[in-house]
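To start, the structure under review is shown below, and the notes come after it.
In this text, all values refer to a predicted model and were calculated from it rather than measured experimentally.
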Amino acid sequence: MAQLLDGAGKLSWVLLKSVIRFVFMFFNNCVAIPSYCLYLLLLQPLRIWDSSAFWHIEGVMFKWLLAMVSSWGWIASYTVTEWGDDVRDISEEEAMVIVNHQSTGDVCTLMMCLQDKGTVVRKMMWLMDHVFKYTNFGLVSLIHGDFFIRQGKAHRDKQLVYLREHLEKYYHSRDRKWIVLFPEGGFLRKRRETSQVFAKKNSLPHLTHVTLPRLGATHVILKTLTAQQENGSVGSDTSTRNQTVNKSKGLQWVIDVTIAYPKAKPMDIQTWIFGYRPPTVTHVHYRMYPIKEVPVEAEALTNWLYQRFVEKEELLAHFYDTGSFPPPEGQKVAASRQMTLDPVWLCMVQSFAFASGYMWYNVFQYLYCCLF
C-alpha cells in the first residue's frame with residue numbers, strides 16, 4: 001500500500017510538472033514568436049536602407065528564440081556532452097553540417113549545443129521537412145530563410161531545383177555561414193527497414209543505428225556553395241554570380257555530427273515540452289573535414305557519404321556498448337566536454353520575450369481604443 005501511494009505521489013508530481021511546463025511554453029510561444037515578427041515588421045525600412053544590419057538584428061533575435069527552446073530542456077536537466085573536434089575554432093567559416101536523424105529531439109539538441117559556438121546560430125540555415133512549416137516555429141524559420149523540403153520521388157527533382165534557387169537567392173545575401181541538413185531524409189525508426197532492404201539489394205553495408213544517406217540535397221549544396229577548389233571541383237554550374245557571392249570563400253568545411261542518446265532511446269519534442277523523462281545527457285560527436293577532401297562528382301560523393309555513415313554506425317555501436325565514443329586515432333582516451341548554458345543569460349532572454357509581449361499587447365490595446 002505504501003509503495004502504491006508513493007508511486008501515485010510521484011506520478012502526480014510528474015503530471016503537475018508537465019502541466020506547468022506546458023502552460024509556460026504555451027505563453028512563451030505566444031509572446032516570443034509574435035514579438036519576433038512584429039519587431040521585424042517594424043524594421044522593414046531598415047531592411048531597405050541597410051539590409052546587412054537588418055539581417056544581423058534578425059539573426060540575434062533568431063538566436064534568442066532558439067535559446068528559449070534550449071532553456072526548456074536545460075531546466076529539465078537535459079544536457080549535452082560533446083566529443084571529437086572542437087568546432088568553435090571554425091565558427092566564423094562557412095560549413096555544411098550533416099547529422100544523423102533519430103527523432104524530433106535532434107533539432108532541439110542542436111539548438112542547445114550550438115548556442116556557445118559564436119555567431120553560428122544566428123547565421124545558420126536549416127533544411128527541414130516541409131511539415132515543420134506548419135508548426136509554431138514554421139513562420140520564424142520561413143522569415144529566417146530556412147528551406148522546407150518535400151520528401152518522396154514525385155517531388156525530388158523539383159525540390160532540388162527549388163533548393164538551388166533558394167541557396168542562390170538567400171544564403172549569401174543574408175550572410176549565412178553554416179547550413180544544417182539530415183541526409184538520411186527521415187527518422188531512423190521510419191527508414192531503417194527500407195534502407196536495409198536497399199543495402200542488401202545493392203551489396204552495401206548493413207546499418208542498424210543509422211540509415212544510408214540520400215545524395216540529392218548534399219550534392220546541390222556542395223555544387224552551389226563551394227568555390228573553386230584545389231582539386232578542381234566547382235561551386236556551381238552557373239557562371240553568373242552576384243557581387244555578394246563573389247566575396248565569399250565558399251564552403252570551407254563539412255562537419256559530421258553524430259547524436260547519441262543513452263540506451264539508444266531518442267528524445268522527442270514532447271519530452272522537451274513536458275519534461276517527464278529523468279535528467280538525461282545527450283552525447284554529440286563532431287568530426288571536421290576540409291572541403292577540398294570532399295568530392296563533388298555524384299558517384300564519388302555518394303561513396304564518401306556512405307563511408308561517413310558507416311563510421312557513424314561504428315561510433316554509435318561503440319557508444320551503446322561502452323557509454324563513450326572511441327578515442328581519435330593515435331590517442332588512448334577520448335576527451336569529452338560538458339556543454340553549458342548561462343542561466344542568467346537565459347533568464348534575460350526569457351524576460352525580454354515576456355516584456356516584449358506585454359509591450360505589444362499594450363500597443364495594440366491602445367490602437368484598438370483609438371480606432372474604436
Checklist entry - Do you know which of K292, R287, E293 makes side-chain hydrogen bond (donor to acceptor under 3.5 Å, both in side chains) with Y289? => result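 Answer after filtering K292, R287, E293: R287.
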Are the side chain of [X] and the backbone of [Y] linked by a donor-acceptor contact shorter than 3.5 Å?
X	Y	answer
D85	V87	no
T81	T79	no
D146	L142	no
D106	S103	yes
Q252	G250	yes
S35	V31	yes
R122	F62	no
Q115	V121	no
R174	H56	no
E297	E299	yes

Item to check | Derivation of the ring-ring contact (aromatic ring centres under 6.0 Å, His included) call for Y286 and W83 | outcome: CA-CA 6 Å; Y286 304 97; W83 304 74; over 10 Å; no
Mind checking whether [X] and [Y] have side chains closer than 4.5 Å, heavy atoms only?
X	Y	value
L301	L222	yes
F319	H209	no
F187	H101	yes
Y358	F354	no
Y162	F147	yes
Q102	Y261	yes
S356	Y39	yes
L204	Y306	yes

Under 3.5 Å, is there a donor-acceptor pair linking the side chains of [X] and [Y]?
X	Y	result
T282	Y78	no
S91	D89	no
W178	E94	no
R191	T211	yes
T119	E92	yes
K312	T258	yes
N28	Q350	yes

Item to check | Geometric cation-pi criterion R308 and W304, 6.0 Å radius, 45° cone | outcome: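 The answer is yes; both the distance and angle limits are met.
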Item to check | Sidechain N-carboxylate O distance under 4.0 Å for K200, E193 | outcome: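 Not counted as a salt bridge, because no side-chain N and carboxylate O are separated by less than 4.0 Å.
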For [X], does the [atom1] atom have more than 12 heavy-atom neighbours from other residues, nucleotides or ligands under 6.0 Å away?
X	atom1	result
K265	NZ	no
M359	CE	yes
F27	CZ	no

Item to check | Criterion side-chain contact (heavy atoms from CB on, under 4.5 Å) on L110 and C113, from CA distance to verdict | outcome: CA-CA 5 Å; L110 289 174; C113 65; 4.2 Å; yes
Checklist entry - Per the side chain to side chain contact (heavy atoms under 4.5 Å, CB included) rule, which among I221, D256, I291, I255 passes with M96? => result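 Only match with M96 under side chain to side chain contact (heavy atoms under 4.5 Å, CB included): I221.
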Next on the checklist: Run the salt bridge (Lys or Arg N to Asp or Glu O under 4.0 Å) test on E165 and K169 for me, step by step, so that the C-alpha distance in whole Å, both residues' side-chain angles and the decisive distance to 0.1 Å come before the verdict.
Outcome noted: CA-CA 6 Å; E165 293 173 350; K169 185 175 182 180; over 6 Å; no
Rounded to the nearest 0.5 Å, what's the gap from [atom1] on [X] to [atom2] on [Y]? Could you check?
X	Y	atom1	atom2	result
K63	H144	NZ	NE2	12.5 Å
R277	S77	CZ	OG	13.5 Å
W345	M348	CH2	CE	10.0 Å
E311	L315	CD	CG	7.0 Å
I98	I179	CD1	CD1	12.5 Å
H166	T224	NE2	OG1	11.5 Å

Item to check | From CA spacing to verdict: side-chain contact (heavy atoms from CB on, under 4.5 Å), R21, K17 | outcome: CA-CA 6 Å; R21 285 176 60 90; K17 184 174 67 173; 4.2 Å; yes
Item to check | Within one Ile-Leu-Val-Met-Phe-Trp-Tyr cluster: V161 and V220, side-chain cutoff 4.5 Å | outcome: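 No, V161 does not connect to V220 through the hydrophobic network.
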Next on the checklist: Here's a test for you: under ring pair (Phe, Tyr, Trp, His ring centres under 6.0 Å), which of F22, W72, F24 qualifies with F274?
Outcome noted: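 For F274, the ring pair (Phe, Tyr, Trp, His ring centres under 6.0 Å) test succeeds with only one of F22, W72, F24, which is F22.
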